[in-house]
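Quick notes on the structure that follows.
In what follows, every heavy atom counts, from backbone to side chain, and hydrogens, waters and symmetry copies are set aside.
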Amino acid sequence: MTNDQLARAAFPTDAIQALRRGNKIEAIKLVRLARNIGLKEAKDAVEDYLRAQPALLQQLNASQAQGREGFVRWLVVILLVLAAGTYWYFKKS
């Protein structure tokens, strides 16, 4: 078994689940804890694993894009509510 295969076999399953949910930061934390390594090493391990798993990388990117879209929608709604409230407040005065 090569080092690459060994690294993939030993990759924590909870970190894989975090990546499937679109949470790369959580996956890095989980790899750090499981392997007792530093932040950079854990980040590199997650990125290496993602490069070896293109389908998972695509799923992660899709999840993250979907999360950004939801955030932008909420931000627009909040700004519209604030603008309407400001307009109503100054019109009332």
Minimum heavy-atom distance Leu19-Leu60, with the two atoms named: O-CD1, 3.5 Å
Nearest heavy-atom approach of Ala27 to Ala15 is CB-O, 3.5 Å
Can you tell if the side chain of Phe11 reaches within under 4.5 Å of the side chain of Gln53, non-hydrogen atoms only? no
Under a single-linkage definition using a 4.5 Å side-chain heavy-atom cutoff for Ile, Leu, Val, Met, Phe, Trp and Tyr, are Leu33 and Leu39 assigned to the same hydrophobic cluster? no
Does a sphere of radius 6.0 Å around CD in Gln17 hold more than 12 heavy atoms from other residues, nucleotides or ligands, not counting ones at 6.0 Å or beyond? yes
CZ of Arg20 to OG1 of Thr13, rounded to nearest 0.5 Å, is 9.5 Å
Hey, does Lys24 have a side-chain heavy atom less than 4.5 Å from the side chain of Leu50? yes
Indicate the atoms forming the closest heavy-atom contact of Val31 with Ala45, along with that distance. CG1-CB, 4.1 Å
Glu41/Arg32 ion pair, N-O < 4.0 Å: no
Near Ile25 CD1, under 6.0 Å, is it more than 12 heavy atoms from other residues, nucleotides or ligands? no
Value rounded to 0.5 Å, distance of CZ in Arg51 from CG in Asp48: 4.5 Å
Is there side-chain contact between Leu56 and Tyr49, with at least one heavy-atom pair below 4.5 Å? yes
Side-chain touch Leu82/Tyr87, heavy atoms, less than 4.5 angstrom: no
Looking at every heavy atom in both Leu30 and Ala18, which two are closest together, and how far apart are they? CD1-CB, 4.2 Å
